[in-house]
Amino acid sequence: GSGKSSLYRALRLLADSARNGAVNALAREGGLSSTMWAGPGRTGPVSLKLGYAGDGFGYAVDLGLPQEAETAFALDPEIKSEAIWAGRALRPSTVLVQRSGPVVQIRDGDGGWQTVSTALRPFDSMLSELADPQGAPELLAQRERMRSWRFYDHVRTDADAPARRPQVGSRTVVMSHDGSDLAAAWQTIAEIGDAAELARAVDEAFPGSRVEIGVSDGRFEVTLRQPGMLRALTAAELSDGTLRYLLWVAALLTPRPAEVTVLNEPEASLHPDLVVALAALISRASVRSQMVVVTHSAPLVEALARQDQGDGVNTIRLAKEQGQTSIVGQGMLDEPPWHWPARG
């Protein structure tokens, strides 16, 4: 009830913008009105604003209500404005690309502006439509950066989960979002990734155990061999928590790490004794990828803090009052410098 799911959904929508999918995703969830804060005190135009900034580029998008009076797509919001800038704060001097309505402008080498589109459709992002290595390298770089973000929130461990059954396998450098190619992803890491880290992650969670990948007629299957057991357990026999932990191992030890990896409630279904091993796994993965972990679990947060070597863990606590989510302990002077692109 703190709003952490809203934070996770906002990050996904932001990444969807780079795939021209934010409008469709919002429509599937009931349209722009479903995202609006229902509490008192809301003023100004209806708007959903999403953005982020880092050491390189920043990006922001403003979505609002459609202007067409006669349309069957009434749940589709419109993109009112977008901006890309250099550095952590949007300022007139740092803006590289700006969009207002259908007009997109790119800063040229002389500090002026070049108009590259005057007819961009309201449901298309400039990231997907105008990215070009020659004419708009900033758009291309930002699009590819955001498209590389990786989200895991629906890895399946139910009785019918694909990971529990043998699957046709091929080299898999990135495990799928639902974990259906777990066995192939695990074998790929063992062959071209860090096999020692695989073994370490399993031993920390299940001392003396090891994962073996059975291959028969091109089908791959995960098995777990444990001390005292006469045979290896198949994935179909594993508990939900054990299988989920193995899924996190394969996801986080990928040979092709993302710039940003977002985990939603990774502790779900795990036995409490596995939380420390999960925290260690996440901490080691954060060396190669910025990890965003959205969780209710105080033990996981505490375990991650104990793994911190100085500046690796930043804990943000959320609270909700009258439907509005805020950061606990953050005052006006603590907020990062941030300005939204203006509508035209």
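With sequence neighbours excluded, no residue forms a side chain to side chain donor-acceptor pair (under 3.5 Å) with Glu221. With sequence neighbours left out, Arg150 forms a salt bridge (Lys or Arg N to Asp or Glu O under 4.0 Å) with no residue at all. Checked against ring pair (Phe, Tyr, Trp, His ring centres under 6.0 Å), Tyr52 has the following partners two or more places apart in sequence or in another chain: Trp149. Among residues two or more places apart in sequence or in another chain, the salt bridge (Lys or Arg N to Asp or Glu O under 4.0 Å) test is passed with Asp203 by none. Partners of Glu237 under the salt bridge (Lys or Arg N to Asp or Glu O under 4.0 Å) rule, at least two apart in sequence or in another chain, are Arg231. A search for salt bridge (Lys or Arg N to Asp or Glu O under 4.0 Å) contacts involving Glu144 returns Arg147, not counting sequence neighbours.
A donor-acceptor contact closer than 3.5 angstrom links the side chains of Glu191 and Gln187. No hydrogens or angles considered: a donor-acceptor pair under 3.5 Å links the side chains of Glu82 and Ser125. When only modelled atom types and interatomic distance are considered, Asp240 and Ser269 share no side-chain donor-acceptor pair under 3.5 Å.
Contacts classified as ring-ring contact (aromatic ring centres under 6.0 Å, His included) and involving residues 90-145 (residues at least two apart or in different chains) are not found. Note on residues 224-244: no pairs pass ring-ring contact (aromatic ring centres under 6.0 Å, His included), not counting sequence neighbours. Residue pairs meeting the ring-ring contact (aromatic ring centres under 6.0 Å, His included) criterion with at least one partner in residues 224-246, sequence neighbours excluded, are Phe206-Tyr245. Legend: side chain to side chain donor-acceptor pair (under 3.5 Å) pairs involving residues 83-95, not counting sequence neighbours, sorted by first then second residue: Asp55-Arg88. The salt bridge (Lys or Arg N to Asp or Glu O under 4.0 Å) analysis of residues 169-189, with sequence neighbours excluded, yields no pairs.
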Would you be so kind as to tabulate the donor-acceptor pairs closer than 3.5 Å made by side chains of residues 8-15, with sequence neighbours excluded?
from : atom 1 : to     : atom 2 : distance (Å)
Tyr8 : OH     : Asp153 : OD2    : 3.2
Arg9 : NE     : Glu29  : OE1    : 3.4
Arg9 : NH2    : Glu29  : OE1    : 2.3

